[in-house]
Every structure is written in structure tokens, then in C-alpha cells.
Amino acid sequence: MSQTVLFAPDLHKRDVDFSSIKGYMGAVEQVQKDILAFLQNLNADKKYFVSLGDWYDKGYRSTSRVFIDTYYDNEIAKAVDGNAYICIGNHFFLERDANPEMYLIQPSYLYQPHDTVPMEKPIFKTVPYLRIGNVQISFFHFNKDDKHYIQQVEPGVDFHIGLYHDDCVLPSDIRNLAGYMGSTSNDYLNAIYSNVDMVICGHIHTAIGVKNYTLNSGKSVPIVVPGALAITENKEIVKHHSVECPLLTVNDDGSFDIKYVEFSTHMDMLKFYKIKETKLEQSLEVMGTGTGDYNLPTAVSLKDFLRRKGYSENVVEIIMGITPGQTDVTTLWAMLQEVNTDGN
């Protein structure tokens, strides 16, 4: 008997195209069709699907898009006989009560919406870990405060895979390759990787591939960073035509194998546009005095302005993530109340 697990990185489903990327929703829908077809045709005695997080980008305003995208979620879950799982990512918390991902996982031990929903079982399950034969897969769900991503290993486990959705768990060189600033200490990595045999990390949109990290003990830990299944920015660093998704097969005799399956991002369906930016010199001209002198602005961007006014980073990020014309005042107020209440 063979059991096979497909690990799928960030998809960031949305109900509206990005302003700088046209055709986004169509490309994402095609990716879902590809995943569904692969799972339906996969030859295995038992099949699993695991999302590495940020399956959805943020809250939805379009009822039709909710039905379209959750249709594929249900079909994917059916294709694996209900063995669909997800590692919660940071985008789960963007407009979370309007985010379809909140209802994808209900009922869940992790998070619940403000209004109780009468759901008997989740479409995608949230668990601390999953045991398949002699392999343990630990789900290190994103946590903005607690970075102690450590899970005990059950007796009889020969291979331990850690799933993450946080760039802080990656060595500095990998973070830099992906365009992230900052560094990760060797002591921290040795602590969280001490009982892990393989790392699979979502959250990073750049297709890095596989890198090895050597612990102080001499043990080498492969780190898999597939990159996102969707192109979410008009930046060359995150543009790639395909992603290599890990495929784990566990056999009854205790043997296991990890291969990689190529999935297209359907980047050929996308059209990229540059967003017109106001130059600083133009801003200074507008703020100039009648004598030709210039008054330096107290804030040259909305983010700086909000921060100087004392808004928290959570509130700033939610405001910056709002799509013009898609979020009304009532919804915005509810979002801000939610952040102030829950701190998410």
C-alpha cells in the first residue's frame, strides 16, 4: 500500500485582479484545475493534499468568486477522500472574517470566526501534525508572536518533515535570495531544526528550490522553498513560469520517497502594468511656498504618515492592503475593530 502527499505552496486566491497584474484570477483558477486533475489521476492507495498556507490572499467581496474558488477547494478535498490539510499563513489574518480560508478550516482548534458557523467538518483540516506510516509531518502554523516552532516527534518515526510559513525559519542567505532583509541566528536554526529531517517552507514567493543547511551536529537538513504558485507582484524576483511541488510517497515496508512535480503558474495569461508613482520632486513642488522655498514633508508616504500618527503595524498593513473601490467604510471600520479586539 502506498500513501502519497502533494505539498502545494501559496496560491493567494483573490476576488479581484491586482491593479498591476491583469488576468490574475484566470491564471489562479487554471492552477486549481491543474492541481485537481493531477490528484484525480494520481495512482496511489491513499492520497493527501497539503497547502503550505496563504491559499487565499485576503477577504472577499464577491459572492460569485467565493462560490467559484470554494468549488475547487471541495473538489480537491474529494479527490483525496477528505485528506486535505493546510498550514496557516500570515494572509489568513487579512480581513479574516471575510476571508474564505477562515471557513475552509471550520471547525478548527486554531481559530474561529466571530459568528459561529454550523459546519460539521472542515474542507481543509488544521492539525499540529500528521502521521503517515513512519513519517511525521509537523504543521508550524504562522504565529506573529511565538516563533518557537518546535514539535515533539512520536515514537517510531524515522523521518520528520517540518512545514513552515515564516521567513524567520530560513537561513540568512535564503532570505536574501528571496529579497528579505535581516538575518537568522545559527543558534535559532539549530534549535528549531534539531529534530527535523526536512524543511518545506511556504510564504516565500521566489522559486528557490532545494538548499542544504548543516547543523552544529554535522547533520545536513534539506530546505525546500518551492516559490508561490501565483505571481502576485510585478517584480522579476517573483516571476517564474513553473513551480516544483514536493510529492511524498510512503510505503508499507517503511520506505519513502520524495519527488518533485512541476506545476505551471500560467504566467503567460498575465499582463503586467507599471503603477504610476508620484515623484518626490513633484510632491515638493506642490508643497512649495510662494517665495520658491520648499517645505520638507513630514511624511512622504501613506505608510510613514500612519506610523507617525501612532497606528500599529497590523492596522497599517490592513489599510495598505485595501483595494480601492472594493472596501466600503462600514467594512473598513469592522476590520479595524477586529484588529483592536484580537490583535491580528
Side-chain angles (χ1 to χ4, degrees), residues 1 3-15 28-29 31-33 35-40 42 44-133 135-143 151 154 163 165 202 229 248 250 331 334-335 338 341-342 344:
M1 178 179 177
Q3 302 185 70
T4 304
V5 187
L6 175 67
F7 298 93
D10 307 33
L11 187 57
H12 286 276
K13 294 196 276 187
R14 293 169 58 92
D15 62 344
V28 166
E29 185 169 350
V31 172
Q32 295 180 87
K33 290 179 179 179
I35 291 173
L36 178 58
F38 175 82
L39 292 171
Q40 290 172 335
L42 180 62
D45 296 305
K46 192 171 184 179
K47 297 180 280 189
Y48 298 81
F49 173 80
V50 174
S51 164
L52 298 179
D54 286 359
W55 193 240
Y56 284 83
D57 188 63
K58 62 182 184 65
Y60 273 38
R61 302 294 174 267
S62 168
T63 303
S64 63
R65 288 309 310 182
V66 170
F67 277 99
I68 291 169
D69 286 332
T70 55
Y71 164 79
Y72 289 107
D73 298 335
N74 277 287
E75 291 301 305
I76 286 172
K78 287 179 186 177
V80 294
D81 295 322
N83 296 312
Y85 296 82
I86 189 169
C87 181
I88 297 299
N90 57 310
H91 274 252
F92 173 86
F93 301 100
L94 291 182
E95 306 170 296
R96 70 177 204 174
D97 269 30
N99 190 333
E101 194 170 306
M102 169 64 82
Y103 307 95
L104 181 71
I105 67 173
Q106 297 305 319
S108 172
Y109 77 102
L110 283 173
Y111 304 102
Q112 300 79 38
H114 285 157
D115 296 327
T116 302
V117 292
M119 302 180 74
E120 295 181 0
K121 60 181 181 179
I123 302 170
F124 286 11
K125 301 172 185 176
T126 49
V127 295
Y129 64 90
L130 177 64
R131 177 77 179 266
I132 303 175
V135 176
Q136 178 174 319
I137 303 170
S138 293
F139 290 72
F140 296 108
H141 304 287
F142 175 80
N143 192 308
Q151 175 68 50
E154 287 193 337
L163 306 183
H165 193 101
L229 279 166
L248 166 71
V250 182
T331 303
M335 288 160 51
E338 182 176 303
T341 301
D342 296 338
N344 291 320

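When reading the values below, keep in mind they use all heavy atoms of this one structure, side chains included, and skip hydrogens, waters and symmetry mates.
Exactly one residue among T70, I68, T63 makes a side-chain contact (heavy atoms from CB on, under 4.5 Å) with V66. That residue is T70.
Expressed to the nearest 0.5 Å, how far OG of S51 lies from CD1 of I105 amounts to 11.0 Å. The distance from the NZ atom of K47 to the CD1 atom of I76 is 12.0 Å, given to the nearest 0.5 Å. Atom OH of residue Y71 and atom CZ of residue R65 lie 13.5 Å apart, to the nearest 0.5 angstrom. To the nearest 0.5 angstrom, K58 atom NZ is 8.5 Å from L94 atom CG. The distance from atom SG of C87 to atom CD1 of I137, rounded to the nearest 0.5 Å, is 11.5 Å. The distance from atom CD1 of I123 to atom CG of L104, rounded to the nearest 0.5 Å, is 5.0 Å.
Contact annotation: the side chain of V28 approaches that of L11 to within less than 4.5 Å [non-hydrogen atoms, C-beta and beyond]. Looking at heavy atoms from C-beta onward, P128 lies in side-chain contact with Q151 at the 4.5 angstrom threshold. Residues V50 and L6 are not in side-chain contact: their nearest non-hydrogen atoms beyond the backbone lie 4.5 Å or more apart. By the 4.5 Å heavy-atom criterion applied to side chains, Y85 and L130 are counted as neighbours.
Looking at Q136, its side chain never comes within 3.5 Å of a backbone N or O of I132 through a donor-acceptor pair. A donor-acceptor contact shorter than 3.5 Å links the side chain of D97 to the backbone of H114. In this structure a side-chain-to-backbone donor-acceptor pair under 3.5 Å is present from E101 to W55. Formation of a donor-acceptor pair under 3.5 Å by the N83 side chain with backbone atoms of V80 is found in this model. Between the side chain of Q3 and the backbone N or O of L248 there is no donor-acceptor pair closer than 3.5 Å. No donor-acceptor pair under 3.5 Å is formed between the side chain of Y72 and the backbone N or O of I35. Remark: the backbone N or O of H91 is paired with a side-chain donor or acceptor of D54 at under 3.5 angstrom. Of the possible polar contacts, one joining the R131 side chain to the G133 backbone as a donor-acceptor pair under 3.5 Å is found.
The number of heavy atoms from other shown groups lying within 6.0 Å of OH (Y129) does not exceed 12. Residue-environment remark: CZ (F67) stays at or below the threshold of 12 foreign heavy atoms within 6.0 Å.
For the pair M119 and Q106, the tightest heavy-atom approach, listed with the atom from each and the gap, is SD-CB, 3.7 Å. The shortest heavy-atom contact between A8 and L229 is CB-CD1, 4.1 Å. Contact between A98 and P100 at its shortest, heavy atoms only, is O-CD, 3.4 Å. Considering all non-hydrogen atoms of both residues, Y111 and F142 come closest at OH-O, 4.2 Å.
In this pair, F124 and F49 present their aromatic rings tilted. The plane angle is within the 30 to 60° band.
Under the rule for a side-chain hydrogen bond (donor to acceptor under 3.5 Å, both in side chains), the partners of N90 that lie at least two apart in sequence or sit in another chain are H165, H203. Every residue was checked against the ring-ring contact (aromatic ring centres under 6.0 Å, His included) condition with F7, not counting sequence neighbours, and none meets it.
Y56 and D69 are not linked by any side-chain donor-acceptor pair at a separation below 3.5 angstrom, with hydrogens and angles left out of the test.
Salt bridge annotation for E95-R61: present, with a cationic side-chain nitrogen under 4.0 angstrom from a carboxylate oxygen. Of the charged side-chain nitrogens involved, at least one lies within less than 4.0 Å of a carboxylate oxygen, so that D73 and K13 count as a salt-bridged pair.
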